[in-house]
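Notes follow once the structure below has been shown.
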There are 2 protein chains.
Amino acid sequence: MTAGGDPAAGGPEWSDLAAALEVVGARWALLIVEQLLDGPQRYGDLQRRLGVPTNILATRLRELQEAGVLRRLPLHHNTRAYALTARGAALREPIEALRRWATPRSGGPGEGAPPAPRASPPR
Amino acid sequence: MTAGGDPAAGGPEWSDLAAALEVVGARWALLIVEQLLDGPQRYGDLQRRLGVPTNILATRLRELQEAGVLRRLPLHHNTRAYALTARGAALREPIEALRRWATPRSGGPGEGAPPAPRASPPR
DNA sequence: CGCGCACACTTGCAAAAAGCAAGTGTGCTG
DNA sequence: CAGCACACTTGCTTTTTGCAAGTGTGCGCG
């Protein structure tokens, strides 16, 4: 069941990871979910806190909603908030794992390559 | 855009997650690392197993190498293999967390949104 | 009632990244 | 020396991302 994805073929494998990235692999998706882990937020708040272009934000919110990761909560008059579904909240683990990976841990077995300074947003 | 962080301003936050995505957030990056978790592989193998465009693969391998995630092992004559560094291997946790998230767990409380079938490579 | 304002998005267009196909260089091997 | 496998490059098209400005809607106020 679901196993393989491309059985008995020399073709590319199809992993669960690819399926995950299909949903949250787009440019600002995980950052948006991360913000929402703190609780429901409104469009304007997300935009200001992340610095994400407004059209991208609108697109991502629609996609993530369709994927069942978040949903819109109608607020007063014409305002609304975005909140994670259970499936969206389950992204806390992967997100924290990524955060831990990125966090420079002092006292660990430092190795690999010397850190090179960067200075620009996601990607 | 907001390059160089935005300290002590009302501007966008700069999370560790963003730093992680800066390194492994590009289109095929995590998939490449996932393959490499099984051990060192050669260029052609990666390309065939993932179905990634060859120019993209070359670019990602260079970027991931510069980020200290993997390194090139010279093999016989002009062939080489790519292997994860310790830092790259540490991505196993985030990757497995994402895989678990994507894995349809039978018996769970179905919720969020009805699954919509897809049929195409990442993104 | 009409005006301005905040909020939540669209729209239009330019720049960057991803994708496809074909080509290049290198070192065997026949 | 021709042919072949391997590891990439190069040239061009398509898709995605980003920026800036515009649209619609519902108050709050004079």
Side-chain angles (χ1 to χ4, degrees), chain A residues 10-12 14 18 21-32 35-36 40-67 70-83 118-123, chain B residues 1-4 6 10-12 14 18 21-33 35-36 40-67 70-83 118-123:
Chain A
W14 194 236
L21 294 177
E22 182 107 8
V23 177
V24 293
R27 189 98 96 173
W28 292 87
L30 269 189
L31 270 342
I32 291 169
Q35 283 298 315
L36 261 27
Q41 314 227 2
R42 287 179 309 160
Y43 190 95
D45 292 335
L46 285 171
Q47 203 209 307
R48 273 183 294 276
R49 295 176 66 165
L50 289 173
V52 51
T54 178
N55 54 344
I56 304 292
L57 180 56
T59 304
R60 289 289 111 74
L61 288 173
R62 197 183 320 118
E63 292 166 348
L64 290 173
Q65 184 186 331
E66 284 167 5
L70 53 81
R71 66 187 173 192
R72 300 167 60 163
L73 308 175
L75 247 40
H76 321 292
H77 60 298
N78 69 337
T79 67
R80 55 224 112 203
Y82 291 89
R118 290 270 178 141
S120 55
R123 163 130 329 166
Chain B
M1 72 277 313
T2 45
D6 229 6
W14 195 236
L21 294 177
E22 181 106 7
V23 178
V24 293
R27 193 95 100 179
W28 292 87
L30 270 188
L31 270 341
I32 291 168
V33 173
Q35 283 299 314
L36 260 28
Q41 313 225 3
R42 289 180 309 163
Y43 189 96
D45 292 334
L46 285 170
Q47 202 208 305
R48 274 183 293 277
R49 295 176 66 165
L50 288 172
V52 51
T54 179
N55 53 345
I56 305 293
L57 179 55
T59 304
R60 286 292 109 76
L61 288 174
R62 195 183 323 118
E63 291 166 349
L64 290 172
Q65 183 187 328
E66 283 168 5
L70 53 81
R71 71 194 158 177
R72 301 166 62 163
L73 308 176
L75 246 40
H76 322 291
H77 60 297
N78 69 337
T79 67
R80 55 223 120 210
Y82 291 90
R118 291 270 178 142
S120 58
R123 202 48 187 285

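Keep in mind that this is a model prediction, so the values were computed, not measured. Reminder, nothing fancy here: chain letters follow the sequence lines and each chain counts from 1.
- Atom-to-atom, CD1 of A/Ile56 to P of D/dT17 comes out at 6 Å; the value is rounded to the nearest Å.
- Side-chain N/O atoms of A/Arg62 include none lying less than 4.0 angstrom from OP1 or OP2 on C/dC9.
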### Message
Could you go through B/Leu31 and A/Leu21, starting from their C-alpha distance and side-chain angles, then the distance that decides it, and tell me whether this counts as side chain to side chain contact (heavy atoms under 4.5 Å, CB included)?
### Response
CA-CA 9 Å; B/Leu31 270 341; A/Leu21 294 177; 3.7 Å; yes
What are the atom names and distances for every N/O pair under 3.5 Å that joins the protein to nucleotides 24-30 of chain C?
{"unit_1": "C/dT26", "atom_1": "O2", "unit_2": "B/Asn78", "atom_2": "ND2", "d": "3.2"}

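- Among D/dA20, D/dC8, C/dA8, the nucleotide with an atom closest to any side-chain atom of B/Thr54 is D/dC8.
- Listed here is the closest heavy atom pair of A/Gln47 and A/Val52: CG-O, 3.2 Å.
- B/Arg42 places its CZ atom 14 Å from the C1' atom of D/dC8, with the value rounded to the nearest Å.
- Each of A/His76 and A/Pro53 was matched to the nucleotide of DNA chain D holding its nearest heavy atom; the match closer to the 5' end belongs to A/Pro53.
- Between A/Tyr82 and C/dC9 there is a side-chain N or O to OP1 or OP2 distance below 4.0 Å.
- The phosphate of C/dC7 (OP1 or OP2) has no side-chain N or O of A/Arg80 nearer than 4.0 angstrom.
- The side chain of B/Asn55 approaches C/dG19 more closely than any other nucleotide in the set C/dG19, C/dG12, C/dC9.
- Counting to the nearest Å, the P atom of C/dC9 and the CD atom of A/Gln41 are 14 Å from each other.
- Atom CD in A/Gln47 sits roughly 11 Å away from atom C1' in D/dC19 (whole-Å rounding).
- For D/dT17, the OP1/OP2 oxygens have a side-chain nitrogen or oxygen of A/Arg60 closer than 4.0 Å.
- Residues that satisfy the salt bridge (Lys or Arg N to Asp or Glu O under 4.0 Å) test with B/Arg80, not counting sequence neighbours, are absent from this structure.
- Within the 4.0 Å cut-off from OP1 or OP2 of C/dC9, at least one side-chain nitrogen or oxygen of A/Arg72 is found.
- The shortest side-chain heavy-atom distance between A/Leu61 and A/Ile32 falls under the 4.5 Å cut-off.
- Mapped onto DNA chain C by nearest heavy atom, A/Thr59 and B/Val52 fall at different nucleotides, with A/Thr59 at the one closer to the 5' end.
- With rounding to the nearest 0.5 angstrom, the CZ atom of A/Arg42 is 7.5 Å from the CZ atom of A/Arg48.
- Between A/Leu57 atom CG and C/dC9 atom C1' the separation is 9 Å, expressed in whole Å.
- In this structure, the CG atom of B/Asp45 is 12 Å from the P atom of D/dC8, given to the nearest Å.
- Closest contact between the side chain of A/Trp28 and the listed nucleotides C/dA8, D/dA7, D/dG18 involves D/dG18.
- Across D/dT9, C/dC9, C/dA8, the shortest atom-to-atom separation from the side chain of B/Tyr43 is found for D/dT9.
- What separates CG of B/Leu46 from P of D/dC6 is a distance of 13 Å, to the nearest Å.
- One can place CG of A/Leu31 at 15 Å from C1' of D/dG18, the figure rounded to the nearest angstrom.
- In this structure, CZ on A/Arg62 lies 10.5 Å from CG on A/Leu57, to the nearest 0.5 angstrom.
- Considering every non-hydrogen atom in both A/Leu64 and A/Val23, the closest pair reads CD2-O, 3.8 Å.
- Residues passing the side-chain hydrogen bond (donor to acceptor under 3.5 Å, both in side chains) test with B/Thr54 are B/Tyr43, sequence neighbours excluded.
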